[in-house]
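The structure appears right after this line, and notes come after that.
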Amino acid sequence: MSVSVFAQVRIAGKVIDEFKKEELAGVSITVKGKVIGTITDSKGNFSLSTNTPAPFTIVVSSVGYQTQELPINGNRTDLTITMKEQVTLGEEVVVSASRVEESVLKSPVAVEKMDLRAIQNTPAPDFYSGLANFKGIDISTQGLLFKSINMRGFGANGNPRTVQLIDGMDNSAPGLNFPIDNIVGVPEQDVESVEILPGAASALYGPNAIQGLILLNSKSPFLYQGLSANVKTGIMHADNRTEPTTGFYDASIRYAKAFNNKLAFKVNLSYIKAKDWQATNYTNLNGGGNADPNRGPGTAINYDGMNVYGDENQANILTVGQALVANRQLPSAALALLPNRNVSRTGYPEVNLVDYNTKSLKLNGAVHYRLTEKIEAIGQINYGFGTTVYTGNGRYSLRDFNLTQGKLELRGDNFTLRAYTTQERSGKSYTAGLASIFLNEAWKPSTVWYGQYVGAFAQARQAGQSEDQAHLTARGVADQGRPVPGTEAYNRLYEAVRTNSISNTTNPGGAFLDKSNLYHAEGVYNLKNEIKFADVLIGANYRRYQLRSEGTLFADQVEGRNGTININEYGGFAQVSKQLFSDHLKLTGSLRYDKNQNFKGQFTPRVSAVTTFGDHNIRLSYQTGFRIPTTQNQYIDLQTPNARLIGGLPEFFDRYQLSNSYSRPDVAAFGAAVLQSAADPALQKQAVDLITAQVLPQVTAAVSASVAAGQIPNNPTVIQTAIQQGVTAIVQAQAPTVVQGLAVNANLANLKPYQRKEFKPERVANYEIGYRGIINKKLFIDAYYYYSVYTNFIGSVILIQPTASAAPGLLPLASGVLSGNTRRVFSAPANSSERITASGWAVGLNYSLPKGFAVSGNIANNKLNNFTPSPELQTSGFNTPEYRWNLSFSKRPTVTSKVGFALTFRHQDEFTWEGFGQPSEAGVPLYANTIVPAINNFDAQVNYKLSSLRSIVKVGGTNLFGKPYFQAFGNPYIGSTYYISLTFDELLN
């Protein structure tokens, strides 16, 4: 590296507000096309020396003011720059849409932006929650600190179809595989802006940005200096919580300093503490009866409550009775008293199983050094530590979870080189479902519990109790002495099962260990200095995943892996843009190629056109995206209450011998056919005839022996009656089993093993037309329509593998698929062979009124156009309301008024949630009762600027109607929040 010395040009002066003529602090002054720049001090003064030869242009910008570009022809130390308040909307600059700075109005694709003014004026208690006010953005809240952003359908908890970048670093946890909200992200004091790209963004940002991209940008210590701090507190209230009203505490502090416009650093500290929202949805997933985890009268015997765990464990009463008879623990005559129905163990509600003591600590630090006026070096570390709850294939209690991200970056006006790592540590985390199941087993093994239940049920029926009363009696006997939450006996078992590892074969529990890492390097280069006829951008990246879970999540202890699975990916892209017809038309095309070691390479093209006439812009785009199966999709090996989750790679089908397995829909159809056959009178008569023919000689011989012994009178009528009674008793006892066996045999030929297909990345093609424009400098309009086509959509196939015949020695092995005691259940990711299409539209309107007032609203529609079930994808998982709309009336603080406020009303339609919440009993329709009711929210805030204290005080509340709601089935009910905050910034104007 060589450094040349040039004659320096010095500029200095003052920046003032146009209306009040007051000095403005913290205003950015940069040399256009360079990284060199400075800010005004608390008195509005600035001074900057540059090696850039005159003439050049400086850019003057500040939040809430119109950006200005001023020519500089030589030394100037007497500059007085007047800043005008920015009133017109739509003038923001974004970088996400094309990886280069451009106006929101001229973006080739849909884009939303939240800047500092929007963060300050949102009625939400934090900026991340405030993203729900943008059009087409759905949020699924899994806990106070854990939210997932969904866009354009196929919503999920922990959505792997969106990518979230924090200062260019992928914020997905390597082991969890999805963006983890802002629990370990950027403290709000350090957030400069958030940009959201709904739709496919793979062409520029690589795999997995198939439905949306979220960019969180933190503040540069060069541009945002000084001390700032925020203190926020208030109360949270929801009637369903153990303690309905609790306080919360949120504090953050930031300090940044620059030295000679060459070296700058920043440090951030943020801490939140609260009692989390609670999940208390006790709907029976198997359908019917009361929603009662206490299992009182009127509750179905196969009850499987949504937020109740341990009751997923079920067994067939008749099958258990037959085993007891075979072991001579129950008289054979009792079988006639046992119904052919499933019964579930008594579970524990979530409130007794997870840690709701939510907390989050975020530490962030960065050092920036300007090597030259064109090149800046950055070293940054983000660390997050917290406790929360999230929803996957069950509810997971993340205790002392932490994630560290560190990066080194070199950037100039035409390039970026970046390398970073993500280090995930699960702490003391565990899954609530497994913890409850193992808690039950540690207290009383299921073999004992079900035996006691069936024995007590038969005894109660013999005593004359009704069937419903006998079930209550049987449960009371089997549950006698069951540990009660809060007691010493419960706490002892609970602590053991939530700390013992899932992979512990002696004393299993619900704890999982995740020490997975990600390493990533990338470079982007703008050829603007080499190519003049068009704008050309190229880039490439390399990524390595390092999965380590000690066998609790991944198959990292098999195949000689020694505890580590490495996955390598690489990719590259090129983009070309060209302005035509006096800048009235801009054409952009890009192409990307990516390769993962376990899958074939993927090409993702994108083309767009934007026409501009004054303040009116129309855009057309064709975008493609793809999703590489997540690390869990590839290598998970985890036992859950309902199934063993396995990866979709061929090794798992071989390891678990799944060539001998059957898909859930095929088994359900088989079970329905068996039930239909079993109800056939002809088949029932056949069973009676078979049993009679087999036992008649034995009964006749037994009666003859009794006659010879003088126990029965030697009277033909009496003898015939005794024989008939003996045969009838045996027929009644054995008929259900024989009927079942005959029905199984009659339909077994139609049950075909599942045929595995190649596991591929998921793809989407997205067609979009949009309009952005400003009318009369007051009304900002943003509208779009999209149509998406998905292929190789990744779903989940449920495979049922028989472990024993339903009647050993009498029926084939495949017959075992109908009983929970003679089968194993697997869930594996797989591609749907069907083509899936979705479409939607959105319109946003913002109207600026005088004196800082504004009225805004937006509406979004998302619709699944076609869906054909397949064994790999029985349900679509679209998980999105058809209509969602927001209305807002607000006023921002202006140079003439220190008061601001915002009133926001949000509505979304009801919809069916297809995900967490599958029934545990075979044959029960999937997601028959997992409805997310319509949501109506009203949020409000008012803020006041304390100029003399360089502070803003803000008072607000969310969900002011007060009715708790949930955004995904099985997630917690969200109540009302009331808060007050004080924000200090020494450079606040």
Side-chain angles (χ1 to χ4, degrees), residues 126 128 140-148 157-160 164 166 169-187 216 248 250 269-279 350 353-364 381-406 421-435 495 497-503 509-518 545-550 552-554 630-632 636 638 640 916 971-972:
D126 62 89
Y128 207 87
S140 171
T141 299
Q142 301 154 66
L144 179 66
L145 301 178
F146 211 122
K147 305 173 185 70
S148 295
N157 291 308
N159 194 341
Q164 179 170 289
I166 296 181
M169 296 183 286
D170 191 336
N171 191 230
S172 296
L176 295 179
N177 299 148
F178 49 78
I180 50 175
D181 188 352
N182 197 39
I183 184 174
V184 288
V186 184
L216 276 70
F248 74 92
D250 183 353
L269 170 65
S270 173
Y271 184 73
I272 301 173
K273 184 178 181 181
K275 293 286 186 180
D276 215 329
W277 304 120
Q278 295 183 357
E350 179 178 307
L353 294 167
V354 304
D355 189 349
Y356 283 134
N357 294 303
T358 290
K359 59 186 178 182
S360 172
L361 172 69
K362 290 192 278 279
L363 297 172
N364 169 287
I381 293 178
N382 296 343
Y383 171 78
F385 172 91
T387 292
T388 187
V389 185
Y390 94 93
T391 311
N393 288 291
R395 292 279 283 168
Y396 292 77
S397 185
L398 299 183
R399 298 174 68 221
D400 299 344
F401 174 88
N402 63 90
L403 188 121
T404 304
Q405 290 195 292
T421 181
T422 303
Q423 309 276 315
E424 177 186 359
R425 301 296 180 263
S426 57
K428 302 174 183 177
S429 302
Y430 60 94
T431 170
L434 282 180
E495 192 60 31
V497 297
R498 77 172 181 173
T499 55
N500 288 349
S501 168
I502 293 172
S503 58
F512 61 89
L513 180 70
D514 192 1
K515 295 183 177 180
S516 297
N517 303 320
L518 177 147
Y545 291 96
Q546 187 181 75
L547 308 181
R548 299 183 302 168
S549 73
E550 296 187 8
T552 60
L553 288 176
F554 302 106
T630 65
T631 56
Q632 290 193 16
I636 195 170
L638 171 66
T640 69
F916 176 45
N971 278 2

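Worth knowing before you read on, the calculation uses all heavy atoms, side chains too, and leaves out hydrogens, waters and symmetry mates. These numbers come from a predicted model, not from an experiment.
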If you apply the rule side-chain contact (heavy atoms from CB on, under 4.5 Å), what do you find for Thr387 with Asp400, and how did you get there? CA-CA 5 Å; Thr387 292; Asp400 299 344; 3.6 Å; yes
Does a side chain donor of either [X] or [Y] reach within less than 3.5 Å of an acceptor in the other side chain?
X: Gln405; Y: Thr422; value: yes
X: Gln142; Y: Ser148; value: yes
X: Ser549; Y: Asp514; value: no
X: Tyr356; Y: Glu350; value: yes
X: Arg395; Y: Asn157; value: no
X: Asp276; Y: Thr358; value: yes
X: Asn357; Y: Lys275; value: yes

I want to check something: taking the side chain as every heavy atom from C-beta on, are [X] and [Y] in contact at a cut-off of under 4.5 Å?
X: Lys362; Y: Pro187; answer: yes
X: Asn364; Y: Ile381; answer: no
X: Leu518; Y: Thr421; answer: no

If you count heavy atoms of other groups shown closer than 6.0 angstrom to CD of Gln423, is the number above 12?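 It does: Gln423 CD has more than 12 such atoms within range.
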Atom pair [atom1]/[atom2] of [X] and [Y] - distance to nearest 0.5 Å:
X: Gln546; Y: Ser516; atom1: CD; atom2: OG; result: 8.0 Å
X: Leu216; Y: Met169; atom1: CG; atom2: CE; result: 10.5 Å
X: Thr388; Y: Lys147; atom1: OG1; atom2: NZ; result: 8.5 Å
X: Asp250; Y: Ser360; atom1: CG; atom2: OG; result: 8.5 Å
X: Thr630; Y: Tyr545; atom1: OG1; atom2: OH; result: 9.0 Å
X: Leu269; Y: Leu361; atom1: CG; atom2: CG; result: 6.0 Å

Leu353 and Ser397: side-chain contact (heavy atoms from CB on, under 4.5 Å), yes or no, with the steps? CA-CA 9 Å; Leu353 294 167; Ser397 185; over 6 Å; no
Which pair of heavy atoms, one from [X] and one from [Y], lies closest together, and at what distance?
X: Leu547; Y: Pro174; answer: CD2-O, 4.0 Å
X: Gly392; Y: Phe916; answer: O-CB, 3.7 Å
X: Tyr383; Y: Thr404; answer: CD1-OG1, 3.2 Å
X: Ala511; Y: Thr499; answer: CB-O, 3.6 Å
X: Asn517; Y: Arg548; answer: ND2-NH2, 3.3 Å
X: Leu638; Y: Ile502; answer: CD1-CD1, 3.4 Å

Check: Gly143 main-chain N/O paired with Thr141 side-chain donor or acceptor under 3.5 Å: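 Not a single qualifying donor-acceptor pair exists.
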Residues that Lys273 engages under salt bridge (charged side-chain N to carboxylate O under 4.0 Å, His left out), provided they are two or more places apart: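 Partners of Lys273 under the salt bridge (charged side-chain N to carboxylate O under 4.0 Å, His left out) test: none.
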Who are the salt bridge (charged side-chain N to carboxylate O under 4.0 Å, His left out) partners of Asp355, not counting sequence neighbours?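 Checked Asp355 against salt bridge (charged side-chain N to carboxylate O under 4.0 Å, His left out); matches are Arg399.
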Would Leu434 and Thr431 count as a side-chain contact (heavy atoms from CB on, under 4.5 Å) here? Give the steps. CA-CA 6 Å; Leu434 282 180; Thr431 170; 3.6 Å; yes
Determine the sole option in Leu403, Leu513, Asn402, Leu398 for which the side-chain contact (heavy atoms from CB on, under 4.5 Å) test with Ser426 is passed.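 When Leu403, Leu513, Asn402, Leu398 are each tested with Ser426, the side-chain contact (heavy atoms from CB on, under 4.5 Å) holds only for Leu513.
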Just to verify, what does Phe512 make a ring pair (Phe, Tyr, Trp, His ring centres under 6.0 Å) with, not counting sequence neighbours?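 Phe512: ring pair (Phe, Tyr, Trp, His ring centres under 6.0 Å) contacts with Tyr396.
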